[in-house]
Visitor: 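Here you go, one structure.
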Amino acid sequence: MIQITLPDNTVREYREGITAMEVAQDISAGLARNVLAAQVGDEVWDANRPITEDASIQLLTWRDEKGKAAMWHSSAHLMAEAIELLYPGVKFGIGPDIAAGFYYDVDFMDYSISEKDFDKIEKKIIELAREKQQFLRKDVSKTDALQYFSEKGDEYKLELIEDLNDGEITFYESGHFTDLCRGPHIPDTSTIKAVKLLKVAGAYWRGDEKRKQLTRIYGITFPKKKELDEYLVLLEEAKKRDHRLLGRELELFTFSQQVGQGLPLWLPKGAELRERLENYLKEVQREAGYEPVITPHIGNVNLYKTSGHYQKYGSESFHPITTPVEGEEFFLKPMNCPHHCEIFNAKPHSYKELPLRLAEFGTVYRYEQSGELHGLTRVRGFTQDDAHIFCTPDQIKDEFNGVIDIIQRIFTALDFKDVLIQISLRDPDNKEKYIGSDENWDKAEKAIIEVAEERGLNAKTEYGEAAFYGPKMDFMVKDAIGRKWQLGTIQVDYNLPERFDLTYIGTDNEKHRPVMIHRAPFGSMERFVAVLIEHCGGNFPLWLTPTQAIVLPISEKYQNYAEKVLQLLKKHEIRGLIDDRSEKTGRKIRDAELKKIPFMLIVGEKEEAEDSISVRKHGHGDMGTFSIPDFANLINEEVDQMINKK
RNA sequence: GCCAACAUAGCUCAGUUGGCCAGAGCAGCUGAUUUGUAAUCAGCCGGUCGGGGGUUCGAAUCCCUCUGUUGGCUCCA
């Protein structure tokens, strides 16, 4: 007999070789119907795999992430089976589950596949799912495994098997399809009730662009048709929040083929919004002891040879521009740090001046591959809210604290609640990969970890993720539909101070090497605004939105009063407009709602007589009558609360 | 850059066995209307059908090519 411990810590005795499925049946038939896989100890197993030792197990259903993973992984097999039946002779790469669904990389040989074929494949998948195919796990020797796939002529699987050790190879067989697979899988395919293939894309074999490109098909499955429909609605909702769509509708930015791809044009409303963000940060930085600097958009190639960027990125940058007479070469600046290093070098520094914090909204240009460009999140010209802090190794901790203060203030002001933080440290087993002394690295890493602990940051620490020049801390936010975006970053740099031979004179009257900290709370203005748009769905925080209130006169008769209201609002620093079109009020309200203007102020006979406004809040409706000063206070208090909250 | 799909008016989209001067709604302009919490009515303007080449008596429609966009892959100082 063996002892099985359940999540609630009850222990049950079963015969050796019992399966998780049998345990589930023992608990309840309903549970057994829903079991997709089981967590056994640290591993996820097939529910029907015999358990031979004492173990703590957890039965996984559709409600568990790991249960979903098993379902989607099994769905990938099922899709492969369908594809193999429809397109005999194709070869398979890998087919894992992903965060939302699964994909399979397929070498379609001479077949050409497009989304038009999805319908056919989906039907086949459902047909196969109804056969209630079971997934049979088989241990296979390496020789047998190699033989099976060489007979099948699938060189991709052969390559995968070559990398595995004999004794740890398993096959899974379901229906007509046998695959090299570690598992786990769901008991049978009957759980897969609804399927949707989502996209087809090229994907390099093993992610190597020098190797063959396979066709990757993405899909997702659900145990209920209704859940698929809900998911599709969710995708539709996501589309409506797309910053590219809202950017056009709200007239924030545009692109022009004439100007060039990946080069955003900020329209007046977008520029105004961005300027407000920049001014806000400038003010916060001024308070925090930053000094503004301004540097040109180009720099001599020698600057980048000194920084090392030329050697590393020169070949994939925009080609240098040259002076017509001397033939001197200049790069469009891909980052601001080399320029800032030269500012540091403009004069000798005493330890008393440190930390020195140089800030610049610096516009940089990078050659991004054309297929990579995406709205404002991935562009070829963008502005970083950059600053470089030159300090001593002992000051790193304080400086990190200071930067985190700024970042958290910003996220609060913009209502980003879900902030993920990642600390990237050295790979402790490969210390020689990194530049800078062991001592300094230890000091910086310790400082970062301490800061995170002292502030109670919910940070994830990743070893081996640091840049070669220093450890870093990145801030990611989730947008309203759960996608993660990397925004702010704080990076320690031991490299550039060496390369630019930066020094300061210490208390001992000797030269010392400062440490540099790169930091950008927004990251890039372009990406940040894009994420902000998607995060708030175009309903910007009141302090940022281009138009805070629009005055809607009932008819032309109240035009003068509307003007008066607007002037009073301006006195209270409220940004407003008047809709003086000869339209009905219902129409003006509708248009203002669509433009996502936070407040609509309706004025007619009654309001004019009593010097008031009738306030309607976007998305909420009528709020009743206000005096103008009361309304102004309401708005200003809300703005104040967001911006000044720390 | 690679794979796939797409490209018709400012926006959203009709327009397929190739065949009358290429259509609609919204937006814009003009006029009428003077309006009370999500669309007043009428008229007008607006397109080298992404660019170029080809097939054809005839191309938005078929073929080639270039450019761009979208979804992935790769990359991201």
Visitor: Check the phosphate of U34(B) against Ser582(A), side-chain N and O only, distance under 4.0 Å to OP1 or OP2. Yes or no?
Guide: no

Visitor: At less than 4.0 Å, is any side-chain N or O atom of Arg244(A) found next to OP1 or OP2 of G71(B)? Yes or no.
Guide: yes

Visitor: Remember a base hit wins even if backbone is also touched, and classify Lys588(A) as base, sugar-phosphate or nothing at under 4.0 Å, heavy atoms.
Guide: nothing

Visitor: Assess the side chains of Ser370(A) and Gln261(A): does a donor N or O sit below 3.5 Å from an acceptor N or O?
Guide: no

Visitor: Can you tell me the base-pairing partner of A22(B)? Count Watson-Crick or G-U wobble geometry only, both distances below 3.5 Å, and say none if there is no partner.
Guide: none

Visitor: Pick base, sugar-phosphate or nothing for Lys557(A), based on heavy-atom distances below 4.0 Å to the nucleic acid.
Guide: sugar-phosphate

Visitor: Distance between the C1' atoms of U30(B) and U67(B), in whole angstroms?
Guide: 39 Å

Visitor: For the pair made of CG in Asp208(A) and P in C73(B), what is the distance, rounded to whole Å?
Guide: 15 Å

Visitor: Confirm from the modelled atom types if Thr585(A) and U35(B) form a donor-acceptor pair under 3.5 Å, side chain to base only.
Guide: no

Visitor: Does G71(B) have OP1 or OP2 under 4.0 Å away from a side-chain N or O of His374(A)?
Guide: yes

Visitor: If you take atom types as modelled and just measure distance, does the side chain of Glu556(A) reach the base of U34(B) with a donor-acceptor pair under 3.5 Å?
Guide: yes

Visitor: Give a yes or no on whether a donor-acceptor pair under 3.5 Å exists between the nucleobase atoms of C2(B), that is its base, and the side chain of Arg211(A).
Guide: no

Visitor: Using a heavy-atom cut-off of under 4.0 Å over every strand shown, decide if Ala201(A) touches base, sugar-phosphate, or nothing.
Guide: base

Visitor: Could you check which nucleotide pairs with A4(B) in any of the strands shown, counting Watson-Crick or G-U wobble with both distances under 3.5 Å?
Guide: U70(B)

Visitor: Provide, to the nearest angstrom, the distance between the CD1 atom belonging to Ile550(A) and the C1' atom belonging to G36(B).
Guide: 16 Å

Visitor: Taking pairing as Watson-Crick or G-U wobble with both contacts under 3.5 Å, can you name the mate of A59(B), or confirm there isn't one?
Guide: none

Visitor: Select from Gly621(A) and Ser112(A) the residue whose nearest nucleotide in RNA chain B is closer to the 5' end of that strand.
Guide: Ser112(A)

Visitor: Please determine whether a side-chain nitrogen or oxygen atom of Arg587(A) lies at a distance below 4.0 Å from atom OP1 or OP2 of U40(B).
Guide: yes

Visitor: Using atom P of each nucleotide, how far apart are A7(B) and C49(B) to the nearest Å?
Guide: 14 Å

Visitor: Can you name the nearest heavy-atom pair linking Cys341(A) to Leu496(A), along with the distance?
Guide: SG-CB, 4.1 Å

Visitor: Have a look at Tyr103(A) and say if it touches a base, only the backbone sugar-phosphate, or nothing, with a 4.0 Å heavy-atom cut-off.
Guide: nothing

Visitor: From CD of Glu607(A) over to C1' of U37(B), roughly how many Å is that when rounded to an integer?
Guide: 11 Å

Visitor: So Asn539(A) and His618(A), side chain to side chain donor-acceptor pair (under 3.5 Å) or not? Walk me through it.
Guide: CA-CA 9 Å; Asn539(A) 298 303; His618(A) 171 79; 3.0 Å; yes

Visitor: For A14(B) versus U61(B), give the span between their C1' atoms, rounded off to a whole number of Å.
Guide: 14 Å

Visitor: Could you give the CD-to-C1' distance, from Gln258(A) to G50(B), as a whole number of Å?
Guide: 12 Å

Visitor: Are there more than 12 heavy atoms of other residues, nucleotides or ligands under 6.0 Å from atom OH of Tyr463(A)?
Guide: no

Visitor: Just call it for Arg216(A): base, sugar-phosphate, or nothing, with non-hydrogen atoms closer than 4.0 Å on any strand.
Guide: sugar-phosphate

Visitor: Can you confirm whether more than 12 heavy atoms, excluding those of Tyr310(A), are under 6.0 Å from its OH atom?
Guide: no

Visitor: What integer distance in Å separates Glu249(A):CD from C11(B):P?
Guide: 12 Å

Visitor: Verify the distance criterion only: is there a donor paired with an acceptor across the side chains of Glu607(A) and Tyr558(A) at less than 3.5 Å?
Guide: no

Visitor: Is there a Watson-Crick or G-U wobble partner for G43(B) with both distances under 3.5 Å, and if so, which one is it?
Guide: C29(B)

Visitor: What is the distance, to the nearest angstrom, from the CZ atom on Arg248(A) to the P atom on U70(B)?
Guide: 10 Å

Visitor: Testing Glu360(A), His340(A), Glu342(A) for side-chain hydrogen bond (donor to acceptor under 3.5 Å, both in side chains) with Thr295(A), which one passes?
Guide: Glu360(A)

Visitor: Using a heavy-atom cut-off of under 4.0 Å over every strand shown, decide if Gln369(A) touches base, sugar-phosphate, or nothing.
Guide: base

Visitor: Kindly indicate whether a cation-pi arrangement holds for Arg211(A) with Tyr204(A), taking the cut-offs as under 6.0 Å to the six-membered ring centre and within 45° of the axis.
Guide: no

Visitor: Think Gln261(A) has a side-chain N or O under 4.0 angstrom from the OP1 or OP2 of U69(B)?
Guide: yes

Visitor: Ignoring backbone atoms, test whether Arg581(A) places a side-chain nitrogen or oxygen under 4.0 Å from the OP1 or OP2 oxygen of U40(B).
Guide: no

Visitor: Calculate the interatomic distance between Glu593(A) atom CD and U37(B) atom P; express it in whole Å.
Guide: 13 Å

Visitor: Output yes when at least one side-chain N/O atom of Lys199(A) is less than 4.0 Å from OP1 or OP2 of G72(B), else no.
Guide: yes

Visitor: Hey, does Gly604(A) reach any base, or is it just sugar-phosphate, or nothing, if we go heavy atoms under 4.0 Å?
Guide: base

Visitor: Does the structure show Tyr313(A) stacking with A77(B), if we require the centres to be closer than 5.5 Å and the planes to be within less than 30 degrees of parallel?
Guide: yes

Visitor: Please name the nucleotide paired to A9(B) by Watson-Crick or G-U wobble geometry with both distances under 3.5 Å, or report none.
Guide: none

Visitor: Taking only N and O in the side chain of Tyr218(A), is any of them less than 4.0 Å away from OP1 or OP2 of C73(B)?
Guide: yes

Visitor: Can you tell me how far P of C3(B) sits from CG of Asp105(A), to the nearest Å?
Guide: 16 Å

Visitor: Assuming nearest nucleotide by heavy-atom distance, tell me which of Arg590(A) and Gln384(A) is located more 5' along RNA chain B.
Guide: Arg590(A)

